[in-house]
Amino acid sequence: MKDAKPSTSLSPWIVLALIALFALLTVAPLLWIENSEFPGADALAKEAIQEIAPDVEPWFQPLWEPPGSETESLLFALQAAIGAAFIGYFFGWQRGRKEAAPTGRRGAPPA
């Protein structure tokens, strides 16, 4: 007699509903909030420094200025995605190495 395991997979309708909810929660604020800017920490820090000490000059200028804040956000997201992929690959590689290694001191599993 086989042990009955409960199914852990979700219904396709539930998955679609969750994707739709995610999309709605992502897009809704962009539609409701009008004339809003989303400045980064660099811009806010620059403004704060200018308020505190208006005569301060930057140490250096950037080699390349992105054409817009959207491009800057895109590059930041791309950098984050590459970093996340690298970290995920590293942990997957470590787990694969651990599973492929002989059991060693822990002993063999019971027969």
Side-chain contact, heavy-atom cut-off 4.5 Å: Arg97 with Gln94? yes
Enter the distance from Glu47:CD to Ile52:CD1 here, rounded to the nearest 0.5 Å. 12.0 Å
Flag if over 12 foreign heavy atoms under 6.0 Å of CH2, Trp64: yes
Do Leu21 and Val27 belong to the same hydrophobic cluster, where Ile, Leu, Val, Met, Phe, Trp and Tyr are linked whenever their side-chain heavy atoms lie under 4.5 Å apart, directly or via other members? no
When the ring planes of Phe86 and Phe90 are compared, do they come out parallel, tilted or perpendicular, using 30° and 60° as the limits? parallel
